[in-house]
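Some notes on the structure that comes next.
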2 protein chains.
Amino acid sequence: MARLEPMSTTTPCQRCALRALPIYRRLNEAELAFVEKFKIGEMEVQAGSDILLAGTHSAHLFTIYDGWCFRYDLMEDGGRQILSLLLPGDFIGLQTEMLGTMQHSVQSLTDVRLCVFSRERIWTIFERFPQLSFDLTWAAACGERTVEVALANVGRRPSFERLAALVMHLYRQLEGLRLVKDGTILWPLTQQHIADLLGLSTVHVNRVLRRLINSGLIRLDGRRLTVVDPGALAEIAGVDLEKPLRRPLI
Amino acid sequence: MARLEPMSTTTPCQRCALRALPIYRRLNEAELAFVEKFKIGEMEVQAGSDILLAGTHSAHLFTIYDGWCFRYDLMEDGGRQILSLLLPGDFIGLQTEMLGTMQHSVQSLTDVRLCVFSRERIWTIFERFPQLSFDLTWAAACGERTVEVALANVGRRPSFERLAALVMHLYRQLEGLRLVKDGTILWPLTQQHIADLLGLSTVHVNRVLRRLINSGLIRLDGRRLTVVDPGALAEIAGVDLEKPLRRPLI
DNA sequence: CGTTGGGTTGACTCCACTCAAAAGATGTGG
DNA sequence: CCACATCTTTTGAGTGGAGTCAACCCAACG
């Protein structure tokens, strides 16, 4: 299942394509130089691999450079709750440092390229880089807010709106990452994933998804999803279609 | 609704009763001296007051010294999702610093005493106190994990177990705070609060709560709740009854 | 090819919601 | 101390959204 392949060819942080995006804060030279040293290397992971397991102590910290992952909890009865999706720029494994062991697991949805960071050297951040320390807290706060929005979605919205909100949430995130082309985004999620994300059964997801497609609001062919009318979908989803929020990137 | 009353009599941080609890890290002298200066004063809030409102920019940071609060989102249709309960030691308003404005609101459940901190001086933490910076990130990570557990609970557990999990979660938290006496805890939640916490209707909460009481697992008289058999309830709730996790306290 | 994982559909069930009414509780002002 | 309003809890009846079970289709793949 889990297959981690260390990479030899790495991208220098200075020329990182992600970092150039306007949603991210611009690091100064000292910070950038440190991040470069903080980074151990890169890693490729196949789709469907477990990257971190709940209860374990991860050896490294990661950032997603390319691809999608998700964080999840397994329930006693074998059920699964997906806590959040992770997209390029997102941090993986910060929990370990703070809470001792991972409380949740992380799995890749697509083939993924990760940046790998040294866990020991994270303390250097707190000791010498105030702004980066702030960014770490900021990242944690962003992560928390994402889960909060998901909780409100699952707890208080009917399945149709719930699904619409999921699509629009991803649409907005990917917009900030410049990963929306003509209203079309990558859609690596199976209906099982969607069910575990939204607290529904797969059968019901199938029906609701079909209803959403038949309503003409979205189109779905293979692993690509097109939002036909983002404004209308956002209305149903109950999310405002503001520009994506700025986020930290280590 | 909102009534904030500044207090004159304040407790010095060195002799803070909370800080003595074993769940908290021991601060060194420099840190403690700083926190003392970081703290502006204390504040009393009546039960049912809005302390922070979504969309606004809070002037201060708070810590709960005594009493309960909750964080919540309002939905378009007027519904409410409670994101988490806040107990003594919990931070209020960190989001503002990170995300610009509050994304959620905060309201008091009981009469509450808050410690008030200067927002500007939070930067001093990042600049001069690495360990406290870490603690801030740690606090954010703890907050996130709490919401994650709630999400899994709401998304993947039937109402009976869901309610049991809520009770046991609180029981454990309060145990760490030495606020459990003979298996009895304060219970300031109305059935409406429980409904908004668990993603249920008030009517259904009433029936499930009654079922839980009739099963003999808990007792409820007025505003006090007794867990008759913590082990059995934890079993149903699907949570392990480990000792409460260590948490940061600024 | 057979196998496997994902998607689709129908029939049936049930958990949780809505609507509605009424009985405590609590609080306020006269 | 009573009258009245409001909040909270309780209970019943009826409905419906979402779950389960089961079968089948399809595409990918070894």
Side-chain angles (χ1 to χ4, degrees), chain A residues 1 46-49 70 75 77-82 107-111 153-166 186-215 218-225 236, chain B residues 1 3 46-49 75 77-82 107-111 153-166 187-214 218-225 236:
Chain A
M1 195 57 148
Q46 298 179 303
S49 308
F70 62 93
M75 315 300 287
D77 66 355
R80 177 177 70 173
Q81 176 67 48
I82 296 184
Q107 189 172 117
S108 57
L109 260 172
T110 66
D111 289 348
N153 198 28
V154 171
R156 291 278 117 156
R157 263 201 278 256
S159 55
F160 191 77
E161 286 84 338
R162 211 184 290 184
L163 180 55
L166 170 64
L186 184 64
W187 192 258
L189 299 167
T190 66
Q191 295 182 359
Q192 180 69 61
H193 288 126
I194 302 173
D196 292 342
L197 224 14
L198 300 181
L200 299 169
S201 69
T202 56
V203 175
H204 196 59
V205 164
N206 181 282
R207 292 193 237 266
V208 175
L209 185 57
R210 200 112 303 279
R211 192 144 58 88
L212 195 55
I213 292 168
N214 290 339
S215 73
I218 65 169
R219 260 178 288 134
L220 194 56
D221 44 314
R223 290 300 181 217
R224 324 212 109 257
L225 183 149
I236 290 169
Chain B
M1 196 56 147
R3 175 88 72 73
Q46 298 179 302
S49 307
M75 316 299 287
D77 66 356
R80 176 176 71 172
Q81 176 67 47
I82 296 183
Q107 189 173 118
S108 56
L109 261 173
T110 65
D111 289 347
N153 198 27
V154 171
R156 288 287 155 204
R157 262 202 279 255
S159 55
F160 191 77
E161 287 84 336
R162 212 185 288 184
L163 179 54
L166 170 64
W187 192 258
L189 300 166
T190 66
Q191 295 182 1
Q192 179 68 63
H193 288 126
I194 302 173
D196 292 342
L197 225 14
L198 300 182
L200 299 169
S201 69
T202 56
V203 174
H204 196 59
V205 164
N206 182 280
R207 292 192 234 266
V208 175
L209 185 57
R210 201 113 299 279
R211 193 143 59 88
L212 195 55
I213 293 169
N214 290 338
I218 65 169
R219 261 178 287 134
L220 194 56
D221 44 315
R223 290 300 181 217
R224 327 209 108 259
L225 184 148
I236 291 168

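Quick note: numbers below take in every heavy atom, side chains included, and nothing from hydrogens, waters or symmetry partners. In what follows, every chain begins at residue 1, and chains take the letters A, B, ... in the order their sequences are listed. The model shown is predicted, which means the values in this text are computed figures rather than measured ones.
Where B/H193 and A/R157 meet DNA chain D, the nucleotide closest to each residue was compared, and B/H193 sits on the side nearer the 5' end.
Side-chain N or O atoms of A/S201 include one that pairs as donor or acceptor with a backbone N or O of A/H204 at under 3.5 Å. In this structure, A/R162 contributes its side chain and A/L198 its backbone to a donor-acceptor pair below 3.5 Å.
Rounded to an integer number of Å, the gap from A/R210 CZ to C/dG10 P is 12 Å. Per the geometry, CD1 belonging to B/I194 stands 16 Å off C1' belonging to C/dA16, to the nearest Å. When rounded to the nearest whole Å, the span between CZ of A/R211 and C1' of C/dG7 equals 18 Å. Separating the NE2 atom of A/H204 from the C1' atom of C/dG10 is a distance of 15 Å, rounded to the nearest angstrom. Residue A/Q191 contributes atom CD, which lies 12 Å from atom C1' of C/dT9 at whole-angstrom precision. Between the CG atom of B/D77 and the P atom of C/dT18 there is a distance of 10 Å, rounded to whole Å. One atom, CG of A/N206, and another, C1' of C/dG10, lie 12 Å apart when rounded to the nearest Å. Computed from coordinates, the B/E161 CD to C/dA16 C1' distance equals 14 Å when rounded to whole Å.
When heavy atoms are screened at a 4.0 angstrom cut-off, A/G199 is found touching the sugar-phosphate backbone but no base atom. When heavy atoms are screened at a 4.0 angstrom cut-off, B/V203 is found touching base atoms of the nucleic acid. Base engagement by B/R207 is indicated by at least one non-hydrogen atom pair under 4.0 Å involving a base atom. Residue-level contact check: B/T202 touches neither bases nor backbone, having no heavy atom under 4.0 Å from any strand.
Sequence neighbours left out, not one pair with a member in residues 202-213 of chain A passes salt bridge (charged side-chain N to carboxylate O under 4.0 Å, His left out).
Regarding contacts with the backbone of C/dA16, every side-chain N or O of B/S201 stays at 4.0 angstrom or more from both OP1 and OP2. The shortest distance between the side-chain N/O atoms of A/Q192 and the OP1/OP2 oxygens of C/dG7 is not below 4.0 Å. Using a 4.0 Å cut-off, some side-chain N or O of A/R223 falls inside it from OP1 or OP2 of C/dG7.
Closest non-hydrogen pair, B/M75 versus B/R80, comes out as CG-N, 4.4 Å.
Shown are B/T202, B/L197, B/I82; of these, the side chain to side chain contact (heavy atoms under 4.5 Å, CB included) with B/Q192 is made only by B/T202.
For A/R223, the CZ atom is densely surrounded, since the number of other residues' heavy atoms within 6.0 Å is greater than 12.
In the 5' to 3' direction, nucleotides of DNA chain D lying under 4.0 Å from heavy atoms of chain B begin and end at D/dT8 to D/dA13.
In this model, a donor atom of one side chain and an acceptor atom of the other lie less than 3.5 Å apart for B/N206 and B/Q191.
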